[in-house]
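Taking it in order: structure first as structure tokens, then the write-up.
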Amino acid sequence: MKTFVTVLGLASMVALAACDSKQENKVENAYENQAAALDNQADNMEAMADNLTGNAENAAENAADVLENKADATREAGEKAADAVEKKN
């Protein structure tokens, strides 16, 4: 499911990229790269959680959730930063 959402998100970004300035795309891409790295860390944490049990598993899953939330917040911040760049132009 995450892969589908990621692909859908990337497809949307490509469609919108045609309307955006190069500077706006650069800002948004930088944030998206950071968010993707956080998503990868969350995926790794979830994979590790699969090999744990009990409280350790719960802690790893909670850490993965925190990383996913940070990734979402990073994407939102990137969109706001890109919008700010667009308004300046």
Side-chain angles (χ1 to χ4, degrees):
M1 183 65 174
K2 280 187 183 181
T3 303
F4 175 74
V5 172
T6 301
V7 170
L8 184 60
L10 290 174
S12 298
M13 285 179 52
V14 169
L16 291 174
C19 303
D20 297 338
S21 71
K22 287 183 182 182
Q23 186 179 8
E24 183 180 356
N25 286 333
K26 185 177 180 178
V27 168
E28 198 163 6
N29 286 339
Y31 280 89
E32 181 57 36
N33 289 340
Q34 289 176 329
L38 290 167
D39 278 333
N40 287 338
Q41 289 175 357
D43 290 344
N44 290 338
M45 186 67 68
E46 287 173 346
M48 185 181 76
D50 290 342
N51 294 322
L52 301 172
T53 58
N55 290 337
E57 180 181 14
N58 292 336
E61 288 175 356
N62 289 339
D65 290 342
V66 168
L67 288 168
E68 288 171 351
N69 290 338
K70 284 183 181 180
D72 291 341
T74 300
R75 284 189 180 90
E76 288 179 30
E79 289 174 11
K80 288 179 182 177
D83 289 344
V85 168
E86 182 179 18
K87 288 179 184 177
K88 286 182 182 179
N89 292 332

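All residue numbers in this chain count up from 1 along the given sequence. Not measured: the values here are computed from a predicted model. Just so you know, these numbers use all the heavy atoms, side chains as well, and skip hydrogens, waters and symmetry mates.
A60 is linked by a side chain to side chain contact (heavy atoms under 4.5 Å, CB included) to M45, M48, A49, L52, counting only residues two or more places apart in sequence or in another chain. Shown here are the side chain to side chain contact (heavy atoms under 4.5 Å, CB included) partners of Q34, two or more places apart in sequence or in another chain: Y31, T74.
The two residues A82 and V27 make their nearest non-hydrogen contact at N-CG1, 3.9 Å. The two residues D39 and A71 come nearest to each other via the heavy atoms OD1-CB, 3.4 Å.
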**Prompt:** Would Q41 and N44 count as a side chain to side chain contact (heavy atoms under 4.5 Å, CB included) if you check the C-alpha gap in whole Å, the side-chain angles of each, and the deciding distance to 0.1 Å?
**Reply:** CA-CA 5 Å; Q41 289 175 357; N44 290 338; 5.5 Å; no

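Other residues, nucleotides and ligands contribute only 12 or fewer heavy atoms inside 6.0 Å of the CG atom of N55.
In this structure, D72 CG and L67 CG are separated by 11.0 Å, a value rounded to the nearest 0.5 Å. Interatomic distance, E32 CD to R75 CZ, rounded to the nearest 0.5 Å: 4.5 Å.
Between V85 and K88 the shortest side-chain heavy-atom distance does not fall below 4.5 Å. Side-chain contact between E61 and E57 is present, with heavy atoms from C-beta onward closer than 4.5 Å. Between K22 and N25, the closest side-chain pair of non-hydrogen atoms is not below 4.5 Å.
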